[in-house]
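Scroll down for the structure; my scribbles are underneath it.
Labels below follow one simple rule: chain letters A, B, ... track the order of the sequence lines, proteins then strands, and each chain is numbered from 1. Computed from a predicted structure; not experimentally measured. Only heavy atoms go into these numbers, but all of them, side chains included; no hydrogens, no water, no symmetry mates.
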Amino acid sequence: MAEVNFKAIEKKWQDKWEEEEVFHVLDFVKDKKTPNGVTSSRSKYYVLEMFPYPSGDGLHMGHALNYTIGDIYARFKRMQGFNVLYPMGYDALGLPAENAAIKVNIHPENYTNKSISNFIKQQKLLGLSYDWSRMINTASPSYYQWDQWIFLKMLEKKIAYRKKAPVNWCSKCKSVLANEQVHDGKCWRHEDTKVEIKHLEQWFFKITNYADELLDKTDELDWPQRTKVMQKNWIGKSYGTEIIFKVNGKKWPIFTTRPDTIYGVTFMVVSAQHPELRELVSKEQKQKVEEFLKKLKSVSAYKGVSSNEEGKKELEFLEKEGVFTGNYAINPVNNEKIPIYAGNFVVADYGSGMVMAVPAHDQRDFKFAEKYGLKIKVVIEPKEYKIYERNGQISEAYTGQGNLIDSGEFSDLENEDAQKKITKFLIKKKLGREVVQYKLRDWLISRQRYWGAPIPIIYCDKCGAVPVPEKDLPIMLPKKVTFGEGNPLATNEEWIRTKCPKCKKEARRETDTMDTFVNSSWYFLRYCDPDNGKEIFDKEKVKYWMPIDQYIGGAEHACMHLIYCRFYTKFLRDLGLLDFDEPVKKLFHQGMLHGSDGHVMAKSRGNVINPLDVTTKYSTDSLRLALMSFASPNNDANWDEKVMIGSYKFLNKVIEIFDNLKIGDSDAKTESKLNKIIKEVTAQIENFKYNLAIIKIRELFNSLPEKTSKEVLEKSLKLLHPFCPHITEELWEKLEHKKFISLAEWPIAEEKKISEFFDKQDGALNKLVLDITNVLKIVAEKGRDASKVYLYVLPGEKDFYDLDELNKRIGKKVEIFEVSDKTKYDPKYVSKKAKSNRPAIYIE
RNA sequence: GCGGGAGUGUCGGAGUGGUCAAACGAGCAGGACUUAAGAUCCUGUAGCUUAGUGCUUGCGCAGGUUCGAAUCCUGUCUCCCGCACCA
């Protein structure tokens, strides 16, 4: 086999694509053409991969997989005649760059810029067909100024607001920590320092305003079922009753889904993280409460956020704990005085952060009551038996249906009926109302970090928090800051000092930056108009390109990014900038590619395969092909060098076919197979069954005869092109084409050329080969030598079997006679056994 | 605990009511070519049986629906993922 110089071929075509701007797309403008001659009045198609955080380590295999999946789809759609928007950009702001700055003393900006140019270089080597002219970088002020602009708009619409919220605080760093920086309740950099909880003023986005719409529209999305289910659970809508308890004469609304158990309330529990907790505590209990609060760990431990094994164990040990506050609440239905406890198991920002505890009918309340010896009062009796029947006490909460007992005027009602009646009663007395609660929280966007978009707010002693006027945007990140001493922006006094936009007196800038998820919540809109310096984007351009037709990325973003971007879309729609409700029509999650040992690729395990190394060794097209061959792209798979080698061999074979080919007429059999496979591959790519498409394409190339028509070869190459763009360009050129196969038309199957006959013929031949070898085997077992095979077919069937193919596959001399042939060689008269489609066999 | 998904040869993986379950790739075995190795090509790869036949077993396990089930239903086991005290 002649040595193929894949590297040279790749470089040649990557350069040509770039020089001739083959993948440059224009927005819809009538009668205009792109530099490559493609009219832009065709239907648009927007293919997008989730943009990467540009890490200093460069591209890893997960990136290569993600982008190859998208590139194949983009190339496919382009060939199908769509005006395809397929851009790339960088989610450059964020904590990792800042951590690198602290650890290796590189300024985040330098780190990020270096990483980005490395990414671009590597992505180009993978042959990805991005329109690089639309590249965006979220760390550039021309991008994040629009983050700030959106913030101002949200402030205007009362979607952005400020309130106190708990944060993780390390006293040694003098800094707020992200949840990822809290390990086992301690600071990641000071293992001896327990993380404390502080309540600071923080900015929030009121995503809960859109909770209902986010929930309702979920069903309409063409997204993976599991992602939709996750989002629904994340939003977590529940219906219930808000009941007003009085504490120190002040009204405390309590949310419950079980108003029918109101007579069973024996204590209240307020969240240990509740900002107003201290106001509830009596003098006598103050010390005990403070001790209790000290015991509790970080914010993340509260929430039980931990993904590792130890974290799970930790959670199991996280027993319900609490302490009496010394204070009481009044039950509105019977004016009973109910003790209030502070507890670690109550979520502070769900409902009002306090719950009515009904230990007889709620397992959590029961556990708590058991531990602290609190009263348990049964108010719902199941129909079939009595709860107290057995030994005068209960061993667990009864959460099922039943009739009310000991519930005043509501006694004897069925509990479901009682729910309605009690709620009605409370509404009438102005002591409650029907409410809907969501698990979804408002989005805390304040970060006490440097490498994010500065929040455009100025604090004035007189005017308070004043928004920066739009004309003053962007508020640029100052380059000169000190890392490792609390909030970096707070270390640049010169930057902080400013004038109040309202009263022009001395004022100070907000030193917090925005959560990095802000940047990725609308970037897909900016691709439609990336260089617009006057406005966030041109409405008409966005109207043309959006929504994203196909979005591709990891399932780990199901609940953060993929909800935030929906929220942003709805907000911008309400501002009048967008005329659609949902940003992403179709979503695809790629699987994870693990190491050959089945574990996640990790340096510590030594199972990392670097995609660029592989392309050097086996070529880019081989890698692309292999990545799609391991498994269906939505499934997890393990790296396997053999699959890699197999792909490499296949491509060499394709090249060899073209080296040796003779162009002539095509035969009906090849045409049939080709058209059948065109049909199958088209459907399989459309459905991301790339692995199956590849199987069919391999089958096609393996069956190509030595001599066939140019058209057959062209169509076959086109099918392979999305997977292996470089060698298909090269071979396309070899077929004397001057234009790019990248811009060629996707073949359409000609139904009339598809014939079942050839499949039957192939099947019959396979069966015959099997029969012959079976007989050969039996003969060999009997110790007889065989060198010749004679076949006897019924009249007219002789041409049904391909004698050359038989000779090749049997590896022995094969002769075919018609049974009616008088001159045939048939010493044992076996020819009389011949049946239709079943030749008689004689071997000697 | 709740929710979602998956269990098919030696392995990765196809096939989701019907003419043949295991396509395609890999491994292994045999053969051709070769001084040899590699590459390439051919054949085989559940069991028994046979001049190309026939039978049995078989899609995690156990039932069920059906003329017919890997595919639908019920139960059960195992694994993976997500959420996790949301009152």
Just wondering, more than 12 heavy atoms not from K228(A) lying within 6.0 Å of its NZ?
-> yes

Using the ring of Y438(A) (Phe, Tyr or Trp, six-membered ring only), decide whether K237(A) places NZ or CZ under 6.0 Å from its centre and within 45 degrees of its axis.
-> no

Tell me: CG of D771(A) to P of rG54(B), nearest whole Å?
-> 10 Å

Among the nucleotides rC85(B), rU43(B), rC41(B), whichever has the atom closest to the side chain of K320(A) is rC85(B)

Can you tell me if the side-chain N/O atoms of K767(A) get under 4.0 Å from OP1 or OP2 in rC20(B)?
-> no

Out of rA23(B), rG82(B), rA51(B), which nucleotide sits closest to the side chain of M230(A)?
-> rG82(B)

Among rG25(B), rA87(B), rA14(B), which nucleotide sits nearest the side chain of N702(A)?
-> rG25(B)

Among rA14(B), rG3(B), rG82(B), which is the nearest nucleotide to the side chain of V229(A)?
-> rG3(B)

Indicate the atoms forming the closest heavy-atom contact of I244(A) with P332(A), along with that distance.
-> O-CG, 3.3 Å

Note: for S632(A) and D640(A) on RNA chain B, the residue whose nearest nucleotide lies more 5' is S632(A)

Result of checking R441(A), H274(A), Q273(A) against D349(A) for side-chain hydrogen bond (donor to acceptor under 3.5 Å, both in side chains) = R441(A)

rG82(B) phosphate, OP1 or OP2, under 4.0 Å from K228(A) side-chain N/O | no

Mate of rG82(B) where both pairing distances stay under 3.5 Å, Watson-Crick or G-U | rC2(B)

Is there a side-chain polar atom (N or O) of Y350(A) under 4.0 Å from OP1 or OP2 of rA87(B)?
-> yes

Phosphate contact (rC24(B) OP1 or OP2) by S629(A) side-chain N/O below 4.0 Å | no

Could you tell me which nucleotide pairs with rU50(B) by Watson-Crick or G-U wobble geometry, both distances under 3.5 Å, or answer none if nothing does?
-> none

